[in-house]
*Asks:* 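I am attaching a structure below and will ask some questions about it afterwards.
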2 protein chains.
Amino acid sequence: MAETRWLDEHEMRAWSGFLAASALVNRRLDQQLKDDSGLSHPQYEVLVRLSAAPGGELRMTELANGLINSKSGLTYQVTQLEKAGLVRRRSCPSDVRGVFAVLTEAGRARLEEAAPGHVAMVREALIDVLTPAQLEALADGLGEVSRRLREHGG
Amino acid sequence: MAETRWLDEHEMRAWSGFLAASALVNRRLDQQLKDDSGLSHPQYEVLVRLSAAPGGELRMTELANGLINSKSGLTYQVTQLEKAGLVRRRSCPSDVRGVFAVLTEAGRARLEEAAPGHVAMVREALIDVLTPAQLEALADGLGEVSRRLREHGG
DNA sequence: GGCTGACGGTTCGAATTTGAACAACCCTGC
DNA sequence: GCAGGGTTGTTCAAATTCGAACCGTCAGCC
């Protein structure tokens with residue numbers, strides 16, 4: 001193995017900033033969502049994805065891909081959402097194994113109710129803190145970072 | 001309440017990039033650390049902070065501040081590290097309530113063993129993917145973001 | 001001295017997460 | 001047809017997380 005290239009001061013600053021911001025923003029968002037509308041951040045994410053999908057439904061696998069948690073974590077969250085009546089399961093006609101998660105009316109309503117507060121918090125915690133240049137650097141840089149991790153890791 | 005200012009396309013790109021990168025990088029790091037040296041990311045963080053502190057020891061509260069997890073989470077992790085012999089607890093002489101977490105020799109050794117692989121992964125996943133300009137924007141922008149969240153939230 | 005309020009760390013129960021194991025199913029090539 | 005290999009979603013046990021409650025202690029103040 002090659003000699004270790006340690007992080008210089010610049011790199012270290014970026015790394016710890018990223019690490020801290022990542023943890024703090026996530027925590028703050030989860031807090032806000034739970035207090036404001038009784039949804040966890042993972043649950044909110046599921047609802048958002050479903051609402052953006054045609055017909056308000058997605059296969060479990062598609063939902064898990066590029067999402068925060070593992071397959072089993074998704075099963076759990078969808079079950080929770082189903083108990084709350086915000087989502088229901090529908091089996092796929094062309095593939096018996098397949099399962100669609102479908103956004104219910106109540107789910108869409110709940111999402112629309114939660115969205116404004118969520119967006120406001122996203123602005124307050126992250127977006128409105130950054131300069132336009134930083135915003136663009138973040139979009140480009142972190143976009144590339146996640147693209148690579150997605151490819152390389154499944 | 002004011003009209004909701006939704007995210008425009010630029011802002012949305014930055015936000016989802018941040019969200020995805022945050023989750024993916026964290027997951028990848030945890031994976032690498034666990035496979036490579038049997039430490040979780042939170043545990044590694046604790047060791048790093050201790051090793052950087054004078055005397056290799058810190059009060060629990062100081063350790064919890066600006067760290068990823070809650071007080072009780074820290075208690076748990078320190079207990080785990082103590083079981084593994086990488087850290088030990090020492091009560092504070094001037095304040096009976098206080099507890100120091102002290103890095104043991106084994107702990108320092110384990111950290112030195114784990115560090116190169118960890119840094120390599122940090123580079124691969126994040127640092128080396130970014131341009132110098134992006135790196136600086138990240139350091140400045142996210143630094144400010146976490147500073148504010150720390151102040152405003154405890 | 002004794003009261004009051006804040007602090008430091010742990011304990012507790014409940015919720016969530018993960019990877020591995022599993023069962024059922026699809027598809028391809030023969 | 002039908003064996004083999006990869007998918008799909010769930011189940012399971014174990015680990016981790018959090019917040020709230022808690023106990024002992026400190027500091028200021030009368």
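Residue numbers start from 1 in every chain, and the chains themselves are labelled A, B, ... in the order their sequence lines are given, proteins ahead of strands.
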*Asks:* Specify the residue among Gln31(A) and Gln43(B) whose closest nucleotide of DNA chain D lies further upstream toward the 5′ end.
*Replies:* Gln43(B)
*Asks:* Between dG9(C) atom P and Asn69(B) atom CG, what is the distance in whole Å?
*Replies:* 14 Å
*Asks:* Is the distance from OP1 or OP2 of dT17(C) to the nearest side-chain N or O of Gln77(A) less than 4.0 Å?
*Replies:* yes
*Asks:* Using OP1 and OP2 only, check whether a side-chain N or O of Gln80(A) sits under 4.0 Å from dT16(C).
*Replies:* yes
*Asks:* Return no unless some side-chain N or O of Ser70(B) is found under 4.0 Å from OP1 or OP2 of dT17(D).
*Replies:* no
*Asks:* To the closest 0.5 Å, what do you measure between CG (Asp36(A)) and NE2 (His118(A))?
*Replies:* 11.5 Å
*Asks:* Return the nearest nucleotide to the side chain of Tyr76(A); candidates are dC25(C), dT16(C), dG9(C).
*Replies:* dT16(C)
*Asks:* Under 3.5 Å, is there an N or O donor on one side and an acceptor on the other linking the side chain of Arg97(B) and the base of dC7(C)?
*Replies:* yes
*Asks:* Map Arg27(A) and Lys71(A) onto DNA chain D by nearest heavy atom, then report which one ends up closer to the 5' terminus.
*Replies:* Lys71(A)
*Asks:* Compare the minimum distances between each of dG9(C), dT25(D), dT11(D) and the side chain of Thr75(A), then state the nucleotide with the smallest one.
*Replies:* dT11(D)
*Asks:* Got a donor-acceptor pair under 3.5 Å from the side chain of Ser72(A) to the base of dG19(C)?
*Replies:* yes
*Asks:* Can you tell me if Arg89(B) touches the phosphate of dG9(C), counting only side-chain N or O atoms and a distance under 4.0 Å to OP1 or OP2?
*Replies:* no
*Asks:* Please lay out, stage by stage, how Leu135(A) and Glu11(B) fare under the test side-chain contact (heavy atoms from CB on, under 4.5 Å).
*Replies:* CA-CA 7 Å; Leu135(A) 208 81; Glu11(B) 293 164 339; 3.6 Å; yes
*Asks:* By nearest nucleotide on DNA chain C, pick out whichever of Leu74(A) and Val96(A) is the more 5' one.
*Replies:* Leu74(A)
*Asks:* Do the charged groups of Glu62(B) and Arg59(B) touch, with an N to O distance under 4.0 Å?
*Replies:* no
*Asks:* Between dA20(C) atom C1' and Lys34(B) atom NZ, what is the distance in whole Å?
*Replies:* 14 Å
